[in-house]
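All values below come from the heavy atoms of this structure, side chains included, with hydrogens, waters and symmetry mates left out.
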Amino acid sequence: AKEQGKNRFHFYSRALDNDVKRHYRIERALKEALADERFFLLFQPQIALRDGDVTGVEALLRIDERVMGRMSPAEFIPVAEESDLILKIGKWVFEACCRQIAAWRKREGIHDLTVAVNLSRRQLMDEGWAHFVAETLQTYEIDPGRIEFEITETTFVHIRKRGYETIKRLQALGCRFSIDDFGTGYSSLANLKQFTVDKLKIDKSFIDEIVENDSDRAIVRASVALAHALGLSVIAEGVESEKQKRILAQMGCDEIQGYLFSRPVKPEEIPPLLSR
Ligand code: C2E
Ligand code: CA
Ligand code: CA
Ligand code: CA
């Protein structure tokens, strides 16, 4: 028995060791990507169900495969979030978004596209963030109303005073906010009332089986009703089929985002999608 315990200890410590190694490997790759400009953004359209128009795009971060093969942000963002690396990466993302908005305006005459930018908790807690946003918007001459920050419901639930102040400062500039991954973060009505956000983004996990699963459908229907009662608009993420789209339209959902309309694409692929 003693021998077995010892083996188990070795097993656990080796697993831990691998986790630590993986963590450092990703961290090193992120630093390299920052230094060598190996990040880039893809953009995924958001479509109004009322008329089928593209109203906005969500910026989604990618790392050049040459750095460490194909790696999803679902894998590297959590590593970045464990340190101040997320602040540097977040700044890179926001500036790249502003540069892109300016380029679309100059080359394509696009003025009314909203760009949704994902924000991490650490960015909200950073005293310099709101100032950085204000300065960058000014540098690229961007209307703050074109920016919508997506904050996950889980982050909203755990927000502290300083995060709340950052949100208020960004709202005072004219930036908009949405609650991302709604339905996964156990927020209460009281919690929602406290923040004046503009949009609820219903998590993909409820959309996946909306056609066949009665309770998922009920949850989405209730979320749409709740959002509208609070004066917010609703977008559903991860919409992949016409059937899902039809059910969401019947429920009065305002917008959809997902592979059905388009995957995240390179910036030059966005203008043709706008006039489709
Ligand atoms: P998210 O904010 O929930 O983004 C939606 C994810 O769902 C994206 O994955 C998108 O490509 C994917 N998606 C969209 N439509 C569909 C669909 O119809 N089917 C399927 N199967 N997937 C769909 P992605 O780009 O891999 O991003 C993963 C997560 O990484 C994001 O989840 C977000 O939490 C995080 N992330 C990405 N970019 C950034 C960033 O710039 N900053 C921060 N803080 N987080 C980011
Ligand atoms: Ca998002
Ligand atoms: Ca989301
Ligand atoms: Ca999600």
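Between Arg62 atom CZ and Lys266 atom NZ the span is 11.5 Å, to the nearest 0.5 Å. If you take CG on Asp126 and CZ on Arg162, they are separated by 8.0 Å, rounding to the nearest 0.5 Å. In this structure, Gln100 CD and Ile142 CD1 are separated by 10.0 Å, a value rounded to the nearest 0.5 Å. Taking CD from Glu240 and CD1 from Ile256, the interatomic distance works out to 11.5 Å, rounded to the nearest 0.5 Å. Rounded to the nearest 0.5 Å, atoms CD (Glu255) and OG (Ser178) are 9.5 Å apart. To the nearest 0.5 angstrom, Arg66 atom CZ is 10.0 Å from Asp36 atom CG.
Separation of the Phe149 and Phe94 ring centroids falls under the 6.0 Å cut-off.
When all heavy atoms of Leu60 and Pro264 are compared, the closest pair comes out as CD1-CG, 3.7 Å. Scanning all heavy atoms of the two residues, the minimum distance from Met251 to Ile210 falls at CE-CD1, 4.2 Å. In plain terms, the two heavy atoms of Ala96 and Leu41 that are nearest each other are CB-CD1, 3.7 Å. The shortest heavy-atom contact between Val220 and Ile202 is CG1-CD1, 3.9 Å. Contact record, His23 with Glu82: CE1-OE1, 3.1 Å, taken as the closest heavy-atom pair. Contact detail for Ile247 and Arg217: the closest heavy-atom pair is CG2-CD, 4.0 Å.
Residues Tyr24 and Val79 form no side-chain contact, since every pair of their non-hydrogen atoms from C-beta on lies 4.5 Å or further apart. Contact check for Leu232 versus Asp198: no side-chain heavy atoms found under the 4.5 Å cut-off. Counting only heavy atoms from C-beta outward, the side chains of Leu248 and Ile207 approach each other to under 4.5 Å. When side chains are defined from C-beta on, Lys245 counts as touching Leu49, because their heavy atoms get closer than 4.5 Å. The shortest distance between side-chain heavy atoms of Ile151 and Asp180 does not fall below 4.5 Å. Annotation: side chain of Leu260 is not in contact with side chain of Ser241 (no heavy-atom distance under 4.5 Å). Taking the side chain as every heavy atom from C-beta outward, Val57 and Gln44 never approach each other to under 4.5 Å. Between Asp64 and Phe39, every side-chain heavy-atom pair lies at or beyond the 4.5 Å cut-off.
By the 6.0 Å and 45° rule, Lys91 stacks over the aromatic ring of Phe132.
When each of Thr154, Thr166, Leu124 is checked for a side chain to side chain contact (heavy atoms under 4.5 Å, CB included) with Ile159, only Leu124 meets the rule. Applying side-chain hydrogen bond (donor to acceptor under 3.5 Å, both in side chains) to Glu165 and the options Lys168, Lys161, Arg169 leaves one that passes, Lys161.
A donor-acceptor contact under 3.5 angstrom links the side chains of Arg176 and Thr114, judged on distance only. Counting only N and O atoms by type, the side chains of Glu95 and Tyr140 include a donor and acceptor under 3.5 Å apart. When only modelled atom types and interatomic distance are considered, Glu58 and Asn118 share a side-chain donor-acceptor pair under 3.5 Å. For Glu237 and Gln257, the side-chain atoms include no donor-acceptor pair closer than 3.5 Å.
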> Which is it for Thr139 and Thr136 under the side chain to side chain donor-acceptor pair (under 3.5 Å) test, yes or no, and what are the steps along the way?
Replying inline: CA-CA 5 Å; Thr139 303; Thr136 310; 5.7 Å; no
>> Does His228 form a side chain to side chain donor-acceptor pair (under 3.5 Å) with Asp254? I'd like the steps, not just the answer.
In response: CA-CA 10 Å; His228 288 166; Asp254 302 288; 2.9 Å; yes
> Run the side-chain contact (heavy atoms from CB on, under 4.5 Å) check on Asp208 and Asp216 step by step: do they pass?
Replying inline: CA-CA 9 Å; Asp208 286 341; Asp216 282 353; over 6 Å; no
>> Between Val239 and Tyr259, does the side-chain contact (heavy atoms from CB on, under 4.5 Å) criterion hold? Intermediate values first, please.
In response: CA-CA 6 Å; Val239 178; Tyr259 294 174; over 6 Å; no
> Going through the checks in order, is the salt bridge (Lys or Arg N to Asp or Glu O under 4.0 Å) test met by Arg22 and Glu75?
Replying inline: CA-CA 11 Å; Arg22 185 183 148 273; Glu75 197 174 356; 3.4 Å; yes
> Yes or no on salt bridge (Lys or Arg N to Asp or Glu O under 4.0 Å) for Glu32 and Arg38, after CA distance, side-chain angles and deciding distance?
Replying inline: CA-CA 8 Å; Glu32 195 183 315; Arg38 299 293 185 148; over 6 Å; no
> Passes side-chain contact (heavy atoms from CB on, under 4.5 Å), Ile179 versus Lys199? Steps please.
Replying inline: CA-CA 6 Å; Ile179 302 186; Lys199 203 187 265 186; over 6 Å; no
> When you look at Thr152 and Phe182, which way does the side-chain contact (heavy atoms from CB on, under 4.5 Å) test go after all the steps?
Replying inline: CA-CA 7 Å; Thr152 66; Phe182 184 75; over 6 Å; no
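Linking ILVMFWY side-chain heavy atoms closer than 4.5 Å, directly or via other members, places Leu42 and Ile270 in two distinct hydrophobic clusters. In the hydrophobic clustering of this structure, Val93 groups with Val67; members are Ile, Leu, Val, Met, Phe, Trp, Tyr whose side-chain heavy atoms approach within less than 4.5 Å, directly or through other members. Residue Ile147 is not grouped with residue Ile235 when hydrophobic side chains (ILVMFWY) are merged at heavy-atom distances under 4.5 angstrom, including chains of intermediate members. Residues Ile219 and Leu226 are members of one and the same hydrophobic cluster, defined by side-chain heavy-atom contacts under 4.5 angstrom among Ile, Leu, Val, Met, Phe, Trp and Tyr. Hydrophobic clustering, with ILVMFWY side chains joined whenever heavy atoms are under 4.5 angstrom apart, groups Ile110 together with Val115.
Between the side chain of Asp181 and the main chain of Thr184, no donor-acceptor pair closer than 3.5 Å is present. Here the side chain of Ser120 pairs no donor or acceptor atom with the backbone of Arg122 at under 3.5 angstrom. Between the Thr55 side chain and the Gln46 main chain, a donor and an acceptor come within less than 3.5 Å of each other.
The neighbour count for Gln138 CD, taken as heavy atoms of other residues, nucleotides or ligands under 6.0 Å away, does not exceed 12. Surrounding CZ of Phe40 are more than 12 heavy atoms belonging to other residues, nucleotides or ligands, all under 6.0 Å away. Sparse packing is recorded around CD of Glu141, with 12 or fewer heavy atoms of other residues, nucleotides or ligands lying under 6.0 Å away.
Taking the six-membered ring for Trp and thresholds of 30 and 60 degrees, Phe43 and Trp104 have ring planes more than 60 degrees apart, a perpendicular arrangement.
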